[in-house]
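Notes follow once the structure below has been shown.
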Amino acid sequence: MRRSQRRVLMVSVVLILVLALALVCFLWVEYQRDREALASLETKRQEQLRESGTGEEAPEEGQEQPKGPNAGEGTPEEGQMPEPGEGGNYAPGETDGPAPGETDGSVPGEAGADSLSGQEERPVTLFFTGDIMLDQANVKANYDREGISGILSDSLLTEMQQADITVVNEEFPFSARGTQAPDKQFTFRADPSYVSAFLDMGVDVASLANNHALDYGTEALSDTFATLDGAGIPYAGAGETRERAAQPIYLNRGGMTVGVLAASRVIPVVSWNIDNQQPGMFCTYDSAQLVAAIRAAKENCDYVAVYVHWGVERKNTPEEYQRQLAQDYIDAGADLVVGSHPHVPQGIEYYNGKPIVYSLGNFIFNSSGADTYALKAVVTAEGNTELTVIPVGATEAKTSMLEGAQRQALLELLQSISAGASIDGEGRVTPAA
């Protein structure tokens, strides 16, 4: 073999070894990041157990943790509820333009129980974000390069991780499979590996009730269920069966049981409705089915939060049907109604003393876009809800809290479009005098 050929061969071998080493280093970094995320979730779970005074090890995923002296006797399994009543009338909705969760394995206790037996009640913090869409080139590039700090500011990440319950709207399926929906302008899908971003954020419940979870069909939706289940993140608003799609997620926090429900009034075709295909989505084109689910959930928990996908895109004011549906939900027992889909902020109202937050807008969606807000809801031991809005915006695919004039402008906008609610300079929301 000539000397030049040997030299080329040696250089090739060295290059291959360097590339192999780089690949090993990359995989090791990803492995460590996932371990840290899972460790953070476990720490959060143990802290919640210590606060509850049980002093027990965290249960395995899906393991029941009895509530009350007669726990396990005649109580439903986690998330189980009576089948909701029948509903029906609805029409196709709009399509979108671009613009850690875990259960604690708890089961609801006896119907009408005020709180978890033997646990000292304390205020419980719920944190809601608007639409999250991880199938965006710059968002993925930032996350791949910098991890969660590439797409979320430290201050927002702290709010999400420290909340007792963090709820997000997952505006895409986790899958690498499926068939793209025909005649749909925008379709989204993210590789299941990006579920690590939800773990980093401390997501406790992911709503799948929206007009993108079925963008790649039932195969991709089933992959989403499996991905979230594998990560220990409960999901609401969709399921393999009608019962699962309508099922509330129950979480025990601070001596009380919180139930989270999700449903959509925006789907591109009627076949997405769980009544027409399985797996599918829990819909609320009329209020009957969700009202029945709320009533059933209220019998098993102390506080019911409802997350609804509704409204008209790019419109800052709610439709009349949003107001009527929200009032029906509250009459059925909902303590808080939160909305998404318009991609822009909509205002806040109170009905019978209960807050209705019509649209949070986007949270993580595009590289930049309209300023919107996240929501912090502190539930007192008496069951009252203390709201604070957190103005946010995205720049170069990273979402951060707004400051200065931008923050003030968002608060002033919210005040101008909120009927019967006052929003102060700190973002605190109260019923208007």
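Computed over heavy atoms, backbone and side chain alike; hydrogens, waters and symmetry mates excluded. For reference, positions follow the sequence shown, starting with 1. It should be emphasised that the depicted structure is a prediction, and the values quoted were computed from it without experimental measurement.
- The backbone N or O of G425 lies less than 3.5 Å from a partner atom in the side chain of R407, making a donor-acceptor pair.
- When only modelled atom types and interatomic distance are considered, Y329 and T284 share a side-chain donor-acceptor pair under 3.5 Å.
- When all heavy atoms of V195 and A231 are compared, the pair lying nearest together is CG2-CB, 3.9 Å.
- I364 is listed as a side-chain neighbour of L152, based on a closest heavy-atom distance under 4.5 Å.
- The number of heavy-atom neighbours closer than 6.0 Å to CG of D154, taken from other residues, nucleotides and ligands shown, is 12 or below.
- The backbone N or O of S340 sits nowhere less than 3.5 Å from a side-chain atom of Y358 that would complete a donor-acceptor pair.
- Between the CD atom in Q161 and the CZ atom in F127 there is a gap of 11.0 Å [rounded to 0.5 Å].
- Interatomic distance, SG of C301 versus CG of N252, reported as 10.0 Å (0.5 Å rounding).
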*Going through the checks in order, is the side-chain contact (heavy atoms from CB on, under 4.5 Å) test met by I348 and I356?*
CA-CA 6 Å; I348 301 170; I356 306 165; over 6 Å; no
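- Atom CD1 in I148 sits 6.0 Å away from atom CG in L157 (nearest 0.5 Å).
- Side-chain polar atoms of Q346 and T317 form no donor-acceptor pair below 3.5 angstrom.
- For residues 412-425, the salt bridge (Lys or Arg N to Asp or Glu O under 4.0 Å) pairs, not counting sequence neighbours, are D424-R428.
- Distance OG/S155 to CD1/I390: 9.0 Å, rounded to 0.5 Å.
- Listed for the T399 side chain is no donor-acceptor partner under 3.5 Å among the backbone atoms of G393.
- Residues S196 and Y143 bring a donor and an acceptor atom of their side chains to less than 3.5 Å of each other.
- You'll find the ring centres of F174 and F198 inside the 6.0 Å limit.
- Between T187 and Q180, the side chains place a donor N or O and an acceptor N or O closer than 3.5 Å (distance only, hydrogens not considered).
- Distance alone, capped at 3.5 Å, places no donor-acceptor pair between the E349 side chain and the A419 backbone.
- A donor-acceptor pair is defined here as one N or O able to donate and one able to accept, closer than 3.5 Å; such a pair exists between the side chain of T166 and the backbone of M160.
- For the pair L126 and A305, the tightest heavy-atom approach, listed with the atom from each and the gap, is CD2-CB, 4.3 Å.
- In this structure, a donor-acceptor pair under 3.5 Å is present between the side chains of S367 and N138.
- Side-chain atoms of S359 come within 3.5 Å of backbone N or O of V344 as a donor-acceptor pair.
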*Any chance you could lay out the side chain to side chain donor-acceptor pair (under 3.5 Å) test for Q289 and R242, step after step, and finish with the verdict?*
CA-CA 11 Å; Q289 295 188 43; R242 186 178 180 281; 2.7 Å; yes
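- E313 places no side-chain N or O within donor-acceptor distance of the main-chain N or O of P342, the cut-off being under 3.5 Å.
- Within a 6.0 Å sphere centred on NZ of K140, heavy atoms belonging to other residues, nucleotides or ligands number more than 12.
- In this structure, R189 does not pair ionically with D223, as no charged nitrogen and carboxylate oxygen lie closer than 4.0 Å.
- Y194 contributes atom OH, which lies 15.0 Å from atom CD1 of I132 (distance to the nearest 0.5 angstrom).
- Of the possible donor and acceptor atoms, one in the side chain of S149 sits under 3.5 Å from a partner among the backbone N and O of E146.
- Using a cut-off of 4.0 Å between Lys/Arg side-chain N and Asp/Glu carboxylate O, R323 and E319 are scored as not salt-bridged.
- Using a cutoff of 4.0 Å between basic side-chain nitrogens and carboxylate oxygens, D286 and R265 are not scored as salt-bridged.
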*Begin from the C-alpha positions of D302 and R253 and carry the test salt bridge (Lys or Arg N to Asp or Glu O under 4.0 Å) through to its verdict.*
CA-CA 11 Å; D302 307 300; R253 301 288 190 270; over 6 Å; no
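- Side chains of F363 and M133 form no contact here, defined as non-hydrogen atoms less than 4.5 Å apart.
- Here the closest heavy-atom approach between residue T385 and residue L387 is recorded as CG2-CD2, 3.7 Å.
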*Might you work through the side chain to side chain donor-acceptor pair (under 3.5 Å) test for K184 and H212, ending with a clear yes or no?*
CA-CA 10 Å; K184 196 168 189 288; H212 284 290; 3.1 Å; yes
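- Side-chain atoms of Y373 never come within 3.5 Å of backbone atoms of L411 as a donor-acceptor pair (strictly under, hydrogens ignored).
- Of all heavy-atom pairs spanning L214 and G280, the tightest one is CD1-CA, 4.4 Å.
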*Begin from the C-alpha positions of I165 and V167 and carry the test side-chain contact (heavy atoms from CB on, under 4.5 Å) through to its verdict.*
CA-CA 7 Å; I165 299 172; V167 184; 3.9 Å; yes
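- Crowding of E403 atom CD: a count of heavy atoms from other residues, nucleotides or ligands under 6.0 Å not exceeding 12.
- Judged purely by distance below 3.5 Å, without hydrogens or angles, the side chains of T372 and N362 never pair a donor atom with an acceptor atom.
- Contact detail for L360 and Y307: the closest heavy-atom pair is CD1-OH, 4.1 Å.
- Note: F365 and F188 have perpendicular aromatic rings, judged against thresholds of 30 and 60 degrees for the angle between ring planes.
- Atom CD1 in I274 sits 9.0 Å away from atom CE in M281 (nearest 0.5 Å).
- In terms of modelled atom types and a separation under 3.5 Å, the side chain of N169 and the main chain of G130 share no donor-acceptor contact.
- The minimum heavy-atom distance linking W310 with G339 is given by the pair NE1-CA, 3.5 Å.
- When only modelled atom types and interatomic distance are considered, H309 and N211 share a side-chain donor-acceptor pair under 3.5 Å.
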